[in-house]
Every structure is written in C-alpha cells, then in structure tokens.
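Notes for the one structure printed next.
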Amino acid sequence: MASALTVWERRRQRLRERAIEFVLLVAAASSVFVTLAIVAVLIYESLGFFSSVPITDFLFGTVWTPLFSNPQYGILPLLGGTLLSTFVALLFVAPIGLVTAVYLSEFASPRVREIIKPILELLSGVPTVVYGFFALLFMTPLLQTFIPNLPGFNILSAGIVIGIMIIPYVASLSEDAMRAVPNNLRDGSLAMGATRLETAVRVVLPAAISGVAAAFILGISRAVGETMIVAIAAGQQPNLTLDPREPAATITAYIVQVALGDLPHGSLAYQTIFAAGLVLLLLTLVFNIAGFWLRHKFREVY
Amino acid sequence: MSITSTLTDGRVAGRAADSEFVRRLKRRRTNETVFICLGLAATSIGLIALAALMIDLAASGYPRLTADFFTNFPSRRAGQAGILSAWVGSLLVISVTAFIGVPLGVAAGIYLEEYAPKNIWTNIIEINVSNLAGVPSIVFGLLALGLFVYGFGTGRSIFTAGLTLALLILPIIIVATREAIRAVPWSLREAAYGVGATKWQVTQDHVLPAAVPGVLTGVIIGISRALGETAPLVTIGALSFIAFLPPSPVSADFPFISFAWLFEGFTVLPIQAFNWVSRPGDDFQSNAAAAGLVLMAITLVLNGVAIYFRYRLRKKLQW
C-alpha cells in the first residue's frame with residue numbers, strides 16, 4: 001500500500017482546502033459588492049443633487065434643461081421618452097414574439113426549431129451601436145416613405161429597432177416556457193378533438209402564461225435600459241410627448257449626451273446623470289423583480 | 001305521431017348537426033392553416049430584419065474595408081480615416097476584461113454550485129446575480145465613472161474600461177459556469193470522493209474538466225457582449241479621436257514587460273463607430289458602416305463558435 005499522509009501533510013491539505021473555499025466565497029460575494037457599489041455611488045451622487053434641487057421639482061417638473069443658463073430639472077420628459085420608446089418596442093414585439101413562440105413551440109419540427117432559434121438569438125448579440133446605425137439610416141428612411149413628414153430623428157424608428165433587438169428575449173424565452181408544459185396536457189386536449197391551434201391557444205399558452213409574461217417583462221426591462229439605439233436615432237432633445245413620430249430624449253440618451261461633453265467632476269450637471277441613473281435603475285428593478293417573481297411562480301406549477 | 005317519423009326527424013336533425021360540425025371543422029382547420037402561415041411570417045420577420053441589417057451594413061461599409069482602413073488612425077478626412085487605434089483598443093480592453101472577469105465569474109460559479117451551503121446568504125448571492133444581469137449597461141458606466149475614475153483614481157483608462165466590462169459580463173459567466181457544473185453527473189464526484197479525494201481535488205480534477213465546454217460557451221458569449229458594448233465606455237469617457245497607440249506591453253529593454261498601457265486613454269471599435277455615425281455626411285457614415293461590419297463579423301464568428309460548442313455538447317452529453 002502507498003504510504004498514508006503524515007499528520008503534517010494532512011493539516012496542510014486541510015488548510016489549503018479552507019483557503020480555496022474562502023477565495024471562492026470572496027469571488028461569489030464580489031457580485032454582491034458590485035450591486036452595493038452601484039447603489040451607493042448612485043445614491044451618494046444623487047444626494048448631492050437633491051441637496052440643491054428639491055425632489056418634487058425633479059419628480060414632477062415637466063421641463064428638463066440642466067445645461068441651459070436657466071436650468072430646470074424635471075425628469076418627466078426623459079421618463080416619458082423612455083416609456084414611449086419602450087411602448088413602441090413592446091407594440092412591435094408583442095404580436096411577432098408571441099406568434100413566433102407559439103409557432104416554434106407547437107408547430108415547427110424539431111429540426112427547424114434547432115436551426116431557427118440560434119439565428120433568432122443572434123439578434124440579441126448584435127452590438128447596439130450597429131442597431132443604432134440601422135435605425136437611423138435604414139429604418140427611418142423606410143418609415144419616411146410611409147409617413148412623409150417624419151423627422152430624421154424620431155422615437156418610432158428607435159422603438160421598432162429596440163423591438164427587433166428584444167425579439168429573442170420575448171420569443172425564445174416564451175418558447176422555453178411553452179415547451180416546459182407537460183405533453184399530457186396537450187395529449188388530453190388533442191384527444192378531445194381540439195386542433196393543434198386550439199390546444200396551443202387554450203391549453204398550452206394559459207399553462208405557460210407566467211413564463212411568457214416573465215419573458216415579456218425581461219424584454220421590457222432591456223428596452224428601458226437600451227441606450228445606443230435611442231441616443232443615435234431618437235434625437236437628444238428632451239420632449240414631453242405622446243407622439244412617437246417626434247424626436248425625444250430618453251434617460252439613457254441624456255446620460256450619453258452629458259458624458260460626451262466634458263463636465264467638471266462634482267458640478268450639478270455632473271450629478272444629474274447619477275440622479276437620472278438612479279431613476280433608471282429603480283425602473284428596471286421593478287420590472288426585474290416582477291419577472292423574477294413570475295418565473296418563480298411558473299417554476300412551482302409542475 | 002308515429003315512431004318512424006320521430007326517428008326520421010331525429011336522423012334529419014342529426015344530419016343537420018353533422019353538416020354543421022363538418023362546416024365548423026373546416027373553419028377550424030382553415031384557422032390552423034392561417035396560423036401556420038402567420039407563424040412563418042412572424043418568424044421570418046426576425047430573420048429578415050437580421051438579413052436587412054447585414055445587407056445594409058455591407059452595402060455602405062464594404063467598399064471602405066481596405067487594408068488601409070485597418071492600419072490608419074482616425075482622421076478629419078473620412079477617406080483616410082481608419083480603425084487602427086480602435087481595434088488595438090478593443091483588443092487590450094477585452095484582454096483586461098477576460099483576465100478579471102473569467103476567473104472571478106468561474107470561481108463564483110464553482111462556489112455557488114459546489115460549495116455554497118443552503119442558507120440565506122447563498123440565497124442573497126443568487127438573487128443578486130440574477131438582478132445584476134438585468135441592470136442596464138449604462139448604469140455600470142455610472143458606477144465606473146463615480147467609483148473607478150474619480151474614487152479610485154484609475155482614470156479614463158484601458159484598465160477602468162476592462163474592469164467595468166468584466167463586472168458587466170460577470171453574471172453571464174457565473175450563470176454559464178453553474179449550468180455547466182450542474183450538468184456533470186454525481187457519479188463522477190462520488191467515484192472521486194470514494195478513493196479519498198478532497199473537495200477541491202474533486203472539483204479541480206474531475207468536475208471542472210467535464211464542465212469546460214459549457215464554461216467556454218458562456219465565456220465566449222460574455223466576451224462577444226463586452227466587445228460590442230458602447231454605453232458604459234461612453235460614460236467613463238472613452239475618446240473617439242486617438243491618433244496614437246498605447247505603449248507596447250513588451251519591449252527589448254529590461255524588464256521587457258510594461259504595464260504602462262493599462263493606464264492610457266483609449267478608444268474601441270463601437271465608440272469609433274458611434275462617433276462616425278453621429279457625424280453628418282455620407283463619407284463618415286460609410287466609415288461607421290465599415291466599423292460596424294467588422295464588429296458584426298467578430299460577433300458572428302464568436303456566436304457561431306458558441307453555438308457549435310453548445311451543439312456538440314448536447315450531442316456528447318449522454319453520460
């Protein structure tokens with residue numbers, strides 16, 4: 001037999017094991033520190049901002065002109081731009097994403113699905129700056145042939161291209177949720193004489209609805225945080241409007257616009273981007289929590 | 001009324017119901033056919049958009065893709081401008097990202113899957129990872145601006161950019177590592193434990209080698225995402241006009257290796273493309289298209305490799 005380890009070797013090995021476990025724990029905990037650091041930085045700089053601008057002016061003001069000589073700090077125009085572009089994206093992606101998901105999950109052959117899904121998922125891997133180019137120089141001219149007076153920068157084309165970007169989130173994740181529905185539900189429905197479409201719409205979709213909703217919410221959260229597409233194609237003037245044909249700035253586009261100029265560190269204008277970022281983080285947090293909750297619920301069904 | 005007539009009435013009624021059923025069945029089948037066409041149309045919208053995007057990029061960018069384009073610095077004249085500083089910058093930033101992000105993410109994934117006890121702290125870390133994945137990238141840029149650039153004083157440098165992108169792709173790598181490790185069967189671990197291996201020996205010598213392809217897939221997807229990321233680098237102040245290269249990491253004199261490049265200003269491919277696309281004039285926009293085309297090519301290659309890995313994995317994964 002091979003010689004057993006001596007006491008010292010054993011002790012050294014145990015120490016080594018402990019050290020490795022500690023290092024791994026630190027790595028895992030680092031992700032929590034990242035989150036804490038994000039929240040701390042945003043709140044710290046925002047506190048500086050809110051000490052000179054009343055929070056009510058910020059939340060309810062309808063004019064956002066922080067770089068003008070008579071600055072006003074109402075976030076509503078930026079928030080409106082963000083929500084409007086997200087809404088356009090959602091209107092575009094909802095029917096396409098849902099029908100694609102039902103089709104791929106219930107009708108397409110496994111072979112077709114195996115080929116199409118990775119290609120669709122490429123849509124979420126395209127660099128956003130390329131999407132911005134596409135929105136400004138392809139989508140906008142295309143839309144201008146239908147809507148003659150459409151300005152060169154507008155929320156509509158940015159929103160549609162964001163919609164294209166989130167097709168994989170919505171379609172692919174919804175499809176996963178629908179395919180997780182056990183086959184005996186389908187078999188039961190088909191045995192009762194329902195067609196495949198009826199089975200898909202009345203049995204599979206309701207059974208997978210929380211997963212599908214989670215997929216949509218994840219897509220919305222992506223759309224809210226999308227930056228380059230709106231910064232390039234939607235124009236950068238804050239504009240409180242409900243008309244997607246007009247140009248408007250979003251929260252993210254404003255941050256980019258300010259960051260491109262060289263603002264002195266610690267100035268009020270510098271702090272505005274952190275206050276805007278805090279609003280953005282809270283907005284996406286709400287969607288992420290909703291999505292997380294829905295996914296959790298969806299996991300408990302079967 | 002006689003019995004026979006009742007029977008006939010019933011039969012007639014039955015026949016009417018039959019024909020009603022047949023009529024409805026036909027409609028239901030038509031609905032299904034219509035839906036299949038709709039499904040094909042909806043699915044192809046995504047594919048058409050992808051094709052339109054690439055054709056549009058290629059049409060306006062391809063003529064600019066000459067050798068000079070790769071070896072020239074940016075210039076005020078669109079025809080002479082190139083992406084030398086941009087692709088060198090991208091390469092250096094992504095090396096820093098991989099150097100920090102991959103070990104950190106893989107280690108975190110190993111801990112969560114192999115070591116973590118089931119308790120509230122583990123739960124917090126898990127929820128945190130999935131939440132971090134949903135944080136918009138520009139918020140990471142704000143973190144970097146407030147904490148790294150001004151807090152730690154690392155400046156608007158390659159190091160700051162690489163670190164920021166590493167944090168950004170951390171959740172992707174953690175999740176991929178966990179999934180890959182979870183797919184390794186328990187029998188493998190039990191066999192190793194059975195002959196007296198310690199936990200780390202089991203992990204290092206048996207679990208990790210089996211999980212490598214899955215981890216690699218996640219790493220590639222993460223790197224591809226980091227390469228295309230623009231917004232967080234705009235906030236930390238990547239410059240778009242850099243007409244010099246950072247100092248070389250290797251030199252002929254002692255000590256042969258220099259890390260001065262880490263703290264140089266930089267630009268990257270997406271930033272360069274963004275700068276060109278926001279300038280007026282077709283010339284600069286075809287430069288933007290050409291830079292975008294290079295980016296797309298890298299993205300497609302990386303994603304293609306990842307898809308291939310995943311495909312091979314699924315075929316091989318019959319333990």
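Chain A is the first sequence line, chain B the second, and so forth, proteins listed ahead of strands; every chain is numbered from 1. For clarity, every value in this text was computed on a predicted model and none was experimentally measured.
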Crowding at [atom1], [X] (>12 non-hydrogen neighbours, <6.0 Å):
X: B/R29; atom1: CZ; answer: no
X: A/L282; atom1: CG; answer: yes
X: A/Y44; atom1: OH; answer: no

Heavy-atom distance under 4.5 Å to chain B: side chain of [X], backbone, both or neither?
X: A/R16; value: side chain
X: A/L25; value: both
X: A/E226; value: neither
X: A/E121; value: side chain

Is [X] in contact with chain A via its backbone, its side chain, both, or neither, using a 4.5 Å heavy-atom distance?
X: B/L142; result: both
X: B/Q285; result: both
X: B/A289; result: both
X: B/L104; result: both
X: B/T203; result: neither
X: B/L227; result: neither
X: B/L40; result: both

Min side-chain heavy-atom separation [X]-[Y] under 4.5 Å:
X: B/W200; Y: A/L24; result: yes
X: A/S30; Y: B/L170; result: yes
X: B/N131; Y: A/L285; result: yes
X: B/T235; Y: A/I273; result: no
X: B/L57; Y: A/V130; result: yes
X: B/L132; Y: A/I38; result: yes

Audit row: B/Y150, A/V41, side-chain contact (heavy atoms from CB on, under 4.5 Å) steps and yes/no
CA-CA 11 Å; B/Y150 291 117; A/V41 165; over 6 Å; no
Between [options], which shows the greatest number of heavy-atom pairs under 4.5 Å with chain B?
options: A/L98, A/L122, A/T252, A/V258; result: A/L122
options: A/A259, A/G225, A/G291, A/G193; result: A/A259
options: A/L280, A/L137, A/I119; result: A/L137
options: A/I164, A/L123, A/V39, A/I167; result: A/L123
options: A/I232, A/T227, A/V26, A/I20; result: A/I20
options: A/T128, A/I255, A/N288, A/I289; result: A/N288

Looking only at heavy atoms, which two atoms of [X] and [Y] are closest? And how far apart?
X: B/R28; Y: A/T195; value: NH2-N, 3.9 Å
X: B/G39; Y: A/V99; value: CA-CG1, 3.5 Å
X: B/M296; Y: A/P127; value: SD-CD, 4.0 Å

For chain A, find which of [options] contributes the most heavy-atom pairs closer than 4.5 angstrom.
options: B/S44, B/S278, B/A52; value: B/A52
options: B/G151, B/A291, B/A288, B/G134; value: B/G134
options: B/N31, B/T198, B/L147; value: B/T198
options: B/L145, B/N303, B/L167, B/V139; value: B/L145
options: B/A107, B/S60, B/G292, B/A49; value: B/A107

Does A/E17 come within less than 4.0 Å of B/K199, counting only side-chain N to carboxylate O?
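Between B/K199 and A/E17 there is no salt bridge, as every charged N stays at least 4.0 Å from the carboxylate O atoms.
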Distance, nearest 0.5 Å, that separates [atom1] of [X] from [atom2] of [Y]:
X: B/I127; Y: A/T35; atom1: CD1; atom2: OG1; answer: 11.5 Å
X: A/R113; Y: B/T43; atom1: CZ; atom2: OG1; answer: 12.0 Å
X: B/I138; Y: A/L281; atom1: CD1; atom2: CG; answer: 12.5 Å
X: B/L143; Y: A/L42; atom1: CG; atom2: CG; answer: 8.0 Å

How far apart are the C-alpha atoms of B/T230 and A/V256, what are their side-chain angles, what is the distance that settles it, and do they pass the side-chain contact (heavy atoms from CB on, under 4.5 Å) test?
CA-CA 10 Å; B/T230 322; A/V256 164; over 6 Å; no
Using 30° and 60° as the class limits, which term best fits the ring planes of B/F35 and A/F107: parallel, tilted or perpendicular?
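Correct class here is tilted.
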Check whether any side-chain N or O of A/E21 sits under 3.5 Å from a backbone N or O of B/Y115 as a donor-acceptor pair, and report yes or no.
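A pair under 3.5 Å: no.
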Closer than 3.5 angstrom, by distance alone: can the side chain of B/N128 be matched with the main-chain N or O of A/S31 as a donor-acceptor pair?
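Flag set: sc B/N128 to bb A/S31 pair under 3.5 Å.
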Pair B/I36-A/R196, side-chain contact (heavy atoms from CB on, under 4.5 Å): steps then yes or no
CA-CA 10 Å; B/I36 291 179; A/R196 282 199 296 168; 4.2 Å; yes
Identify which one of A/F133, A/Y131, A/F138 satisfies the side-chain contact (heavy atoms from CB on, under 4.5 Å) criterion when paired with B/L53.
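Between B/L53 and the candidates, side-chain contact (heavy atoms from CB on, under 4.5 Å) is satisfied uniquely by A/Y131.
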Could you please spell out the steps behind the side-chain contact (heavy atoms from CB on, under 4.5 Å) verdict for A/V126 and B/T299?
CA-CA 7 Å; A/V126 173; B/T299 308; 5.9 Å; no
